[in-house]
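Beneath this line is the structure, given in structure tokens, with notes to follow.
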Number of protein chains: 2
Amino acid sequence: MMLFVSTDGAVRTPSAASASEAAAIHPTRLRLLQVATRLFQQRGYHAVGLAEILALSETPKGSLYHHFPGGKQELAEACITRISASTMAALDDASASGADIIAFLQKLGAESAAWLERTDWRDGSLLAVVGQEHGGGDGPLADAVRIAYQRIEMRLAKWLMLEGVAVARARDIAATIIAAHEGAMLLARCRRDNTPVSLTTAMLCAMVERG
Amino acid sequence: MMLFVSTDGAVRTPSAASASEAAAIHPTRLRLLQVATRLFQQRGYHAVGLAEILALSETPKGSLYHHFPGGKQELAEACITRISASTMAALDDASASGADIIAFLQKLGAESAAWLERTDWRDGSLLAVVGQEHGGGDGPLADAVRIAYQRIEMRLAKWLMLEGVAVARARDIAATIIAAHEGAMLLARCRRDNTPVSLTTAMLCAMVERG
DNA sequence: CAAGCGCTAGACGGATCGGTCTATGATGCT
DNA sequence: AGCATCATAGACCGATCCGTCTAGCGCTTG
């Protein structure tokens with residue numbers, strides 16, 4: 001249950017992608033997406049050069065521009081929509097399995113903390129990093145982040161409504177969860193210390209419980 | 001009452017700096033700090049080139065390396081410590097003026113929202129942007145952000161203790177406020193919509209009130 | 001005045017950036 | 001076999017990156 005980050009960015013030995021995408025995605029394309037996502041979520045869009053992405057994924061430049069004619073920007077866009085898709089899928093799974101929101105929040109907090117520690121606080125949220133760099137702008141990347149957050153919020157809100165929360169309140173709670181969780185990940189990363197994540201998780205649980 | 005952002009980045013007509021620093025800071029140095037802070041908090045460290053900073057501040061390259069021998073990195077470090085200092089000063093002022101935390105949180109939320117809108121959601125939190133880019137790393141910039149967050153958190157906690165909150169709880173609340181507020185600013189910026197800020201403010205107030 | 005210093009001014013350079021281009025390897029179809 | 005298509009491979013390019021360096025301005029000081 002990891003939201004906002006990609007955990008499959010192993011280098012040269014791409015872990016098996018989720019079944020749905022393994023069927024359709026070209027191996028080179030997948031490798032590029034995994035490595036690029038990993039690097040972008042560590043350092044941001046502008047801080048990572050194509051040279052590094054190509055070297056770590058052992059891919060020649062020609063292949064990149066074959067699979068992503070739009071170059072670096074299209075690659076980053078694809079990374080964002082891929083993270084967005086996997087996050088929504090995770091939310092749907094959790095919702096379908098009948099878990100309640102409180103359990104979900106606690107699991108999210110625990111696994112986020114574990115992930116941060118496991119990466120030595122190097123990896124953050126791709127959406128947050130790119131979002132910070134592009135803010136309220138109007139480029140393709142800013143749009144991709146905007147849409148990703150919107151869709152994730154909608155899934156979360158839908159789930160909350162399934163649990164009986166009123167429509168307007170569900171959307172509010174969803175947005176609050178996303179904002180607080182992203183902020184907690186950031187602060188935890190900067191401080192190399194997970195307490196912001198657990199504190200925020202507790203606060204979010206309290207908010208949801210009070211309705 | 002703005003935390004985490006610089007509002008004085010006017011170009012070529014530097015608004016009067018706070019009295020304390022106007023006395024000591026060389027005009028050119030101040031202009032560089034203002035313009036650089038503004039640009040960094042809009043787009044991040046790596047996305048902003050020296051050329052743009054120099055052009056907007058109408059400063060030749062020689063001046064930059066005279067005032068900041070360490071180049072771009074030292075300039076960014078100075079921007080971070082300057083934001084950190086002004087944020088701590090604002091917290092001290094608010095605390096000394098006898099306001100309570102709830103009033104502070106509401107004012108912070110309202111003014112942050114107004115600021116986001118006024119900049120057309122272009123400007124974000126400098127600490128957050130640079131923090132995202134450098135994560136838990138160990139460069140001078142990562143350290144500067146880490147220290148800045150730590151100091152701000154301590155000031156906030158101190159204020160909370162003045163209001164009777166227990167030591168440990170005060171530090172927890174402070175960290176939670178910072179994390180949630182940063183996350184709210186990010187999400188609001190990405191969505192070009194301030195509701196995450198007001199929602200988060202409400203949640204934080206509820207948390208503080210329950211103690 | 002001459003010397004020294006703080007600061008401005010911008011030319012210059014090596015490195016790296018993202019992107020284009022041509023050539024070639026691999027695969028499948030007829 | 002011959003052809004077409006997908007994909008790899010990397011040389012190459014102009015632009016931009018950050019940083020160094022020398023020259024000179026203006027002010028104070030001896």
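To find a chain, count down the sequence lines: A is the first, B the second, and so on, and within it residues start at 1.
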Checklist entry - According to the ring pair (Phe, Tyr, Trp, His ring centres under 6.0 Å) rule, which pairs have a member within residues 48-97 of chain B, sequence neighbours left out? => result H26(B)-H67(B)
Which donor-acceptor pairs under 3.5 Å do the side chains of residues 44-56 of chain B make with protein atoms, sequence neighbours left out?
{"residue": "Y45(B)", "atom": "OH", "partner": "Q73(B)", "partner atom": "N", "Å": "3.4"}
{"residue": "E52(B)", "atom": "OE1", "partner": "R43(B)", "partner atom": "NH1", "Å": "3.1"}
{"residue": "E52(B)", "atom": "OE1", "partner": "R43(B)", "partner atom": "NH2", "Å": "3.4"}
{"residue": "E52(B)", "atom": "OE2", "partner": "R43(B)", "partner atom": "NH2", "Å": "2.7"}

Checklist entry - Between atom CZ in R43(B) and atom P in dC17(D), what is the gap in whole Å? => result 11 Å
Checklist entry - Atom CG of L54(B) and atom C1' of dC18(D): how far apart are they, to the nearest Å? => result 10 Å
Item to check | A180(A): side-chain contact (heavy atoms from CB on, under 4.5 Å) partners, not counting sequence neighbours | outcome: T200(A), L204(A), M203(B)
Next on the checklist: I need the residues from residues 60-73 of chain B with at least one non-hydrogen atom less than 4.0 Å from DNA chain D; give them sorted by number, or say none.
Outcome noted: K61(B), Y65(B), G71(B), K72(B)
Checklist entry - Between R189(B) (side chain) and Q132(A) (backbone), is there a donor-acceptor pair under 3.5 Å? => result yes
Item to check | side-chain contact (heavy atoms from CB on, under 4.5 Å) against A170(A), all qualifying residues, sequence neighbours excluded | outcome: A157(A), L160(A), M161(A), V165(A)
Next on the checklist: Of all nucleotides in DNA chain C that come within under 4.0 Å of a heavy atom of chain A, which is furthest toward the 5' end and which toward the 3' end?
Outcome noted: dC17(C) to dT20(C)
Item to check | Between dC17(D) (P) and H46(B) (NE2): distance, integer Å | outcome: 14 Å
Checklist outcome for this item: Sorted by chain and residue number, the side-chain contact (heavy atoms from CB on, under 4.5 Å) partners of N194(B) (sequence neighbours excluded) come out as A113(B), L116(B), E117(B), W121(B), A188(B)
Checklist entry - Can you name the side-chain contact (heavy atoms from CB on, under 4.5 Å) partners of R122(A), sequence neighbours left out? => result Q42(A), D120(A)
Checklist entry - Is the phosphate of dT8(D), meaning OP1 or OP2, less than 4.0 Å from a side-chain N or O of T28(A)? => result yes
Checklist entry - Can you check the R29(A) CZ to dT8(D) P distance for me, whole Å? => result 12 Å
Checklist entry - Restricting to pairs with a member in residues 60-80 of chain B, which pass salt bridge (Lys or Arg N to Asp or Glu O under 4.0 Å), not counting sequence neighbours? => result none
Checklist entry - For L75(B) and dG19(D), what is the distance between atoms CG and P respectively, to the nearest whole Å? => result 10 Å
Item to check | E58(A) CD - dG10(D) C1' separation (whole Å) | outcome: 15 Å
